Amino acid sequence: MKKISTLLSVAIFALACKAQEQPRVSQTKEASSYYFNHKPKLVVGIIVDQMRYDYLTRFYTKYGEGGFKRMMNEGFNCKNNHFNYVPTKTAPGHASVFSGTTPKYHGIIANDWYDKDLKKSVYCAGDESVNPVGTTSNAGKMSPHRMTTTTFADENRLFTQMRGKSIGISVKDRGAILPAGHSANAAYWFYGKDQGDFITSTYYMNTLPQWVQDFNDSDVADSYLKPWETYYDIETYTESGTDLNDFEEGFKGKETATFPYDLGSLKDKNGGFDIIKGTAYGNSIVADFAIAALTGEQLGQDEHTDVLTVSFSSTDYVGHNFGVNSKEIEDTYIRLDIDLERFFKALDEKVGKGNYTVFLTADHAAVDVPAYLQSVKIPAGYVKAKEERVQMETFLQKKYGANFIENISNNQVFLNRTKIAEMNLELEDVQGALVNEIISYENIYKAFSATTMSTTSFPIGLEALLQKGYNQKRSGDVIFEYNAAYISYGRKGSTHGSGFDYDTHVPLLFFGKGIKHGQTFEKTEITDIAPTVSALLDISFPNGAIIGQPLEFVLE
Ligand SMILES: [Zn+2]
């Protein structure tokens with residue numbers, strides 16, 4: 001009897017436990033489905049290379065309802081969004097948007113920079129340890145190995161146990177590689193010349209997936225070797241300067257920088273298929289490829305959030321070639337707007353309206369062509385960097401009997417520290433003497449030594465921007481900034497790189513799942529984007545994101 005009662009009590013106890021367990025199990029299930037339902041299935045991060053904020057407003061009346069305006073009208077528009085470091089260039093821009101930090105921490109101090117240890121110039125994405133895939137060209141020897149921190153795409157991979165995918169796409173290798181991060185499934189970029197294909201490297205895979213091979217085998221690239229004419233009647237392009245002027249470079253083989261451009265006949269003198277990159281069609285082929293990737297990579301199809309990064313870089317080539325006030329720029333943005341509409345429609349169809357979140361920003365903006373500014377009496381000009389270098393060398397030779405300059409690049413002077421030590425000089429003294437010398441040069445507006453950058457804290461202003469771009473391990477001994485609208489560049493076309501507003505002020509638009517409708521003039525910074533996306537996904541912030549803050553007002 002005792003045995004039976006014991007058995008009975010064990011059975012009752014077991015039943016009771018089971019009864020207790022059940023609600024716990026179903027609660028967890030409910031919680032997890034609640035959790036997944038509140039996350040987008042896909043996050044799309046779009047960078048428009050060299051996009052100024054005023055392109056949204058200057059060309060507003062020319063845009064359709066489904067591209068930029070859809071983001072502005074359905075989503076959130078941060079109208080006072082800025083880069084918060086110098087130099088405002090492509091590689092640091094892409095790294096900073098997705099890592100939520102600045103060159104000070106992610107280490108991408110420029111596109112190319114002088115490596116103090118290797119004593120030579122290195123390329124931000126160049127990697128001799130990997131091989132090209134989809135080409136035999138060195139254009140495939142690329143990886144993100146020089147970026148020292150994670151992107152939000154990396155953190156999403158870690159969070160989802162590698163179940164959420166990360167794919168990066170651009171015509172520029174660095175525009176595809178840096179955003180997608182270290183643990184990306186793939187980054188694809190466009191290789192022109194005689195090939196016209198999207199390629200990758202063995203960092204990601206050993207052969208291109210079938211969908212990429214199919215895309216390359218199709219005649220998409222060939223189809224863009226056609227005349228580039230304005231989308232609307234050029235007479236209606238009243239938001240830009242005259243088509244024929246003194247401020248545009250143009251393509252080789254065509255006398256004037258004026259519409260139309262017959263890419264088929266111009267291609268041989270302009271890098272073969274590479275000419276596509278320099279026109280509005282470079283954005284179209286990226287949109288085509290991104291749309292193909294939605295199906296090819298099965299993006300946004302399950303509960304594990306995927307990340308797709310798309311960088312439209314042809315805008316930058318067109319800006320450098322024709323300047324920010326050109327008819328070519330206006331047409332490029334009108335056509336990009338149409339490509340965006342096409343891309344958003346594909347997202348609606350393939351991932352589903354309300355299942356994805358998109359943000360759009362730039363990697364930097366650009367200055368008006370200084371020669372044009374001069375013609376309308378605005379202070380601007382050109383710097384003769386070679387002459388300045390001779391002046392610096394002469395100064396050092398006279399003062400110390402030696403020329404310590406190893407390299408000058410990206411407005412940074414790299415000194416020969418070994419030689420300085422051998423001569424029993426203090427590095428700090430030589431840096432300081434050079435700062436005092438160059439600040440007297442006509443076009444140099446600010447100059448600081450590496451020692452000052454490491455020991456003084458600048459909370460605001462250009463000094464703060466220089467400091468956030470200064471990386472103690474990789475940057476030079478003296479850093480400087482030119483006067484506003486003074487550039488070291490040819491007299492035709494626009495460029496970028498400074499800490500002035502024309503280079504820092506860029507669009508920031510969010511729309512889709514989890515995003516409020518609204519707009520703000522409150523100042524936001526480029527390093528806020530990655531923390532905002534991380535907050536939306538409720539995952540860890542990128543590991544170097546110690547500058548930015550989630551923009552709570554954009555989140556539902
Ligand atoms: Zn550029």
Side-chain angles (χ1 to χ4, degrees), residues 46-55 82-83 85-98 103 108-113 121 123-126 139 142 170-179 189-190 192 247-251 257 270-271 274-280 282-283 286 310-326 328-329 332-333 336 360-372 382-383 385 409-411 465 469 481-482 485-507 526:
I46 299 174
I47 299 254
V48 182
D49 202 319
Q50 204 190 103
M51 184 169 182
R52 290 163 56 110
Y53 170 76
D54 68 357
Y55 290 160
H82 290 261
F83 277 83
Y85 63 84
V86 173
T88 40
K89 294 193 175 183
T90 299
H94 283 77
S96 301
V97 167
F98 289 85
I108 303 296
I109 60 168
N111 294 331
D112 301 88
W113 66 86
S121 182
Y123 176 61
C124 60
M142 301 288 166
S170 177
V171 292
K172 286 183 181 172
D173 50 58
R174 56 187 180 274
I177 290 168
L178 298 170
W189 55 97
F190 187 75
F247 316 119
E248 306 181 8
E249 187 66 43
F251 291 110
N270 294 276
D274 279 325
I275 195 171
I276 296 172
K277 296 198 279 190
T279 73
N283 295 325
V286 165
V310 184
S311 174
F312 292 103
S313 297
S314 293
T315 39
D316 182 64
Y317 292 110
V318 176
H320 279 293
N321 198 353
F322 300 95
V324 306
N325 200 44
S326 60
E328 286 80 359
I329 270 291
T332 298
Y333 277 89
L336 174 60
L360 182 148
T361 186
D363 55 346
H364 53 74
V367 69
D368 253 297
V369 177
Y372 168 66
Y382 297 90
V383 176
S409 49
N410 305 301
N411 293 4
L465 271 68
E481 178 81 296
Y482 293 122
Y486 274 71
I487 58 175
S488 173
Y489 197 72
R491 294 185 69 83
K492 294 177 173 186
S494 288
T495 194
H496 49 86
S498 81
F500 290 101
D501 267 35
Y502 51 78
D503 279 338
T504 65
H505 191 193
V506 293
I526 218 72

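A quick note: this is a predicted structure, and the numbers were derived from the prediction, not measured. Read the numbers this way: they start at 1 and go in the same order the structure lists the ligands and their atoms.
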Taking salt bridge (Lys or Arg N to Asp or Glu O under 4.0 Å) as the test, write out the residues that go with D501, two or more places apart.
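For D501 there are no salt bridge (Lys or Arg N to Asp or Glu O under 4.0 Å) partners, ignoring immediate neighbours.
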Angle class for the F322/F251 ring planes (parallel below 30°, perpendicular above 60°, tilted otherwise)?
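Answer is perpendicular, since the angle exceeds 60°.
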D112/S121 under side-chain hydrogen bond (donor to acceptor under 3.5 Å, both in side chains): CA gap, chis, key distance, verdict
CA-CA 6 Å; D112 301 88; S121 182; 4.8 Å; no
A quick test of your reading: do over 12 heavy atoms of other residues, nucleotides or ligands sit less than 6.0 Å from OH of Y372?
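No, OH of Y372 has 12 or fewer neighbouring heavy atoms, counting only those of other groups under 6.0 Å.
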May I ask you to list the protein N, O or S atoms found at less than 2.8 Å from the Zn ion (ligand 1)?
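Protein N/O/S atoms under 2.8 Å of the Zn ion (ligand 1): D316 OD1, D316 OD2, H320 NE2, H496 NE2.
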Full working for side chain to side chain contact (heavy atoms under 4.5 Å, CB included) between R52 and Y333:
CA-CA 11 Å; R52 290 163 56 110; Y333 277 89; over 6 Å; no
Could you check K172 against T90 for side chain to side chain contact (heavy atoms under 4.5 Å, CB included), going step by step and ending with a plain yes or no?
CA-CA 10 Å; K172 286 183 181 172; T90 299; 3.6 Å; yes
